[in-house]
Trainee: 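One structure, as structure tokens, below. Some questions next.
Hydrogens, waters and symmetry mates are skipped; everything else that's a heavy atom, side chains included, is used. First listed ligand is number 1; within each ligand, the first listed atom is number 1.
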Amino acid sequence: MTKKKLLLLPGDGIGPEVMAEVERVLAWLNESGRAQFEYETDLVGGCAYDAHGEAISDAAMDKAHAADAVILGAVGGPKWANVPYAQRPEAGLLRLRKDMKLFANLRPAICYPALTEASSLKREVVEGLDLMIVRELTGGVYFGEPKEIVTLENGERRAVDSQLYYEHEIERIARVAFDLARARGKRLASVEKHNVMRTGVLWKSVVTRVHEDYKDIELTHVLADNCAMQLVKWPKQFDTIVTDNLFGDVLSDLAAMSTGSLGMLPSASLGAKDANGRRPALYEPVHGSAPDIAGKGVANPIATIGSLGMALRYSFDLGKEADLLDAAIAGVLAKGLRTPDIMQDGKTKIGTAEMGEAIVGELKRLSA
Ligand code: IPM
Ligand code: MG
């Protein structure tokens with residue numbers, strides 16, 4: 001078996017704690033002979049700024065490019081609230097996305113049966129929810145130029161961010177979304193605001209054109225504000241959603257929290273396959289660095305372990321192992337084990353490391 005190379009970037013806050021549990025799962029995968037991973041670790045975010053004065057060093061970027069996949073914990077925290085804008089922790093994550101050309105961000109929002117009561121929405125609204133948000137990740141207002149604050153002659157300051165999209169950027173993300181929808185419920189909602197934005201008009205027309213190649217998929221166009229409303233009203237009407245960088249940022253938090261389990265949801269950021277079939281990829285939990293609970297050993301590692309699961313599926317063609325990992329997570333939850341963020345009456349409260357141990361225990365049991 002050829003060894004697969006991972007770069008682990010634990011980052012800030014709870015990142016190192018949850019990443020330690022990913023290492024635990026990796027160790028089991030290696031020991032059980034199901035896969036052969038080797039990995040190295042580096043800094044990203046505030047910790048990288050403290051060490052190098054940059055949110056990610058060139059050396060770490062080189063490792064990221066060389067790896068078969070990158071797994072990231074989380075970046076940011078109050079400690080770095082006043083560092084220069086270009087060196088803020090989030091800049092490390094944005095550089096990884098941009099330089100690795102990770103244009104497709106897959107954010108599943110799944111309501112685990114064991115957690116239906118944890119949602120702030122009614123049980124019948126979220127029970128069985130399995131939604132995939134496909135977010136464009138390297139274009140739009142996140143990266144559009146000009147992006148600046150200028151001081152005018154009269155001394156007043158004016159800020160500008162630029163939302164811009166090329167046809168090819170919309171077309172390639174639409175194709176990723178149509179392909180995913182085809183493997184899922186065969187329904188795709190394309191989300192923009194063509195009633196106000198030129199980028200929305202172009203988005204809608206390009207997605208409509210790409211649909212010609214995917215006639216078996218039911219396509220609807222939904223305005224972003226209406227989509228937010230519908231996601232709270234009846235999220236199960238959606239199967240796959242494709243949207244731009246900023247709307248995707250907002251709608252994916254909304255959808256994730258409605259499942260009651262922000263600490264549970266993984267994500268994948270993928271680039272295009274090269275001539276050798278190699279595809280740049282970064283996997284990370286949807287949640288942030290949670291500085292308020294960092295270092296206490298109580299963070300939920302499931303989203304980060306689930307991100308490793310997505311890596312098994314999308315980068316390493318280890319679908320069976322990914323299914324096994326998903327089943328182990330579901331099994332541990334069914335046993336009533338809970339980290340504090342998903343704790344409910346009558347369940348057993350455990351910490352980060354115990355959750356990782358329980359998942360590995362369940363992996364062993366399921367594969368015995
Ligand atoms: C996310 C985060 C990032 C984003 C931040 C940390 C830059 O909110 O991945 O959704 O806005 O994309
Ligand atoms: Mg976000």
Side-chain angles (χ1 to χ4, degrees), residues 9-16 18-19 43-49 54-56 61 64 69-81 83-110 131-144 147 161-163 165 169 173 191 224 227-228 231 241-259 261-271 280-292 294 299 303-304 306-307 310-311:
L9 297 172
D12 306 318
I14 60 172
V18 293
M19 193 64 78
L43 304 175
V44 67
C47 59
Y49 176 77
E54 292 289 343
I56 189 160
M61 280 307 307
V70 178
I71 318 248
L72 186 137
V75 295
K79 182 177 174 199
W80 302 283
V83 307
Y85 189 75
Q87 279 85 40
R88 72 199 187 287
E90 291 78 9
L93 179 56
L94 296 176
R95 180 171 175 199
L96 282 160
R97 289 175 181 172
K98 193 66 177 176
D99 288 7
M100 292 175 73
K101 301 188 171 64
L102 307 171
F103 68 89
N105 185 210
L106 278 44
R107 300 194 159 185
I110 294 164
L131 170 72
M132 178 68 88
I133 296 186
V134 182
R135 168 187 176 192
E136 200 290 325
L137 203 60
T138 50
V141 76
Y142 273 66
F143 298 101
K147 189 177 191 62
D161 294 286
S162 307
Q163 163 87 345
Y165 269 108
E169 293 177 307
I173 193 69
V191 174
C227 180
L231 274 170
I241 288 175
V242 63
T243 190
D244 76 14
N245 205 342
L246 185 60
F247 292 142
D249 180 45
V250 175
L251 295 174
S252 62
D253 262 27
L254 194 163
M257 195 60 226
S258 73
T259 69
S261 47
L262 195 54
M264 307 272 302
L265 297 174
S267 78
S269 303
L270 308 173
L282 179 145
Y283 300 86
E284 59 175 317
V286 168
H287 63 68
S289 61
D292 51 324
T304 315
S307 300
M310 286 188 94

Trainee: Answer with side chain, backbone, both or neither: which part of His287 has a heavy atom less than 4.0 angstrom from an atom of ligand 1?
Mentor: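 It is neither part, as no heavy atom is under 4.0 Å.
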
Trainee: So, at under 2.8 Å, which protein N, O or S atoms would a careful student list around the Mg ion (ligand 2)?
Mentor: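 The answer is Asp249 OD1.
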
Trainee: What is the nearest protein non-hydrogen atom to atom 2 (C) of ligand 1, stated with its residue, atom name and distance?
Mentor: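 The closest one turns out to be Asp249 OD1, 4.0 Å.
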
Trainee: How close do Gly271 and Phe103 get, counting heavy atoms only, and between which atoms?
Mentor: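 Heavy atoms of Gly271 and Phe103 come nearest at C-CE2, 3.7 Å.
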
Trainee: Could you list the donor-acceptor pairs under 3.5 angstrom formed between side-chain atoms of residues 92-100 and any protein atom two or more places apart in sequence or on another chain?
Mentor:
residue	atom	partner	partner atom	Å
Arg95	NE	Asp99	OD2	3.0
Arg95	NH1	Asp58	OD1	3.1
Arg95	NH2	Asp58	OD1	3.0
Arg97	NH2	Glu284	OE2	3.4
Lys98	NZ	Thr138	O	2.7

Trainee: Identify the two heavy atoms, one from Pro266 and one from Val286, that lie closest to each other, and give their separation to 0.1 Å.
Mentor: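 It is O-CG2, 3.7 Å.
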
Trainee: Report the nearest protein non-hydrogen atom to atom 4 (C) of ligand 1: residue, atom name, distance rounded to 0.1 Å.
Mentor: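 Sorting protein heavy atoms by distance from atom 4 (C) of ligand 1 puts Tyr142 OH, 3.4 Å first.
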
Trainee: Go through ligand 1 atom by atom and flag the ones less than 4.0 Å from a non-hydrogen atom of Glu90.
Mentor: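 Those atoms are 6 (C), 7 (C).
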
Trainee: Tell me the protein heavy atom at minimum distance from atom 1 (C) of ligand 1, and give that distance in Å.
Mentor: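 The protein heavy atom lying closest is Arg107 NH2, 3.3 Å.
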
Trainee: Can you tell me which portion of Arg97 lies within the under-4.0 Å heavy-atom range of ligand 1? Options are side chain, backbone, both, or neither.
Mentor: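 Side chain only.
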
Trainee: Check salt bridge (Lys or Arg N to Asp or Glu O under 4.0 Å) between Arg135 and all other residues, then give those that pass, not counting sequence neighbours.
Mentor: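 Expected list: Asp249.
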
Trainee: How close do Ala55 and Ala48 get, counting heavy atoms only, and between which atoms?
Mentor: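 Scanning both residues completely, I find the closest heavy atoms to be O-CB, 3.4 Å.
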
Trainee: For Lys101, is the NZ atom crowded, meaning more than 12 foreign heavy atoms sit under 6.0 Å from it?
Mentor: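 Atom NZ in Lys101 is not packed in, count stays at 12 or less.
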
Trainee: Considering non-hydrogen atoms only, spot the tightest contact between Pro84 and Tyr49 and give its length.
Mentor: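 Residues Pro84 and Tyr49, closest heavy atoms: CD-OH, 3.7 Å.
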
Trainee: Sequence neighbours left out, what passes ring-ring contact (aromatic ring centres under 6.0 Å, His included) with Tyr283? Give chain and number order.
Mentor: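 Per chain and number, Tyr283 pairs via ring-ring contact (aromatic ring centres under 6.0 Å, His included) with no residue.
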
Trainee: Please check: side-chain N/O of Lys147 versus main-chain N/O of Val141, any donor-acceptor pairing under 3.5 Å?
Mentor: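 Pair found, side chain donor or acceptor close to backbone of Val141.
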
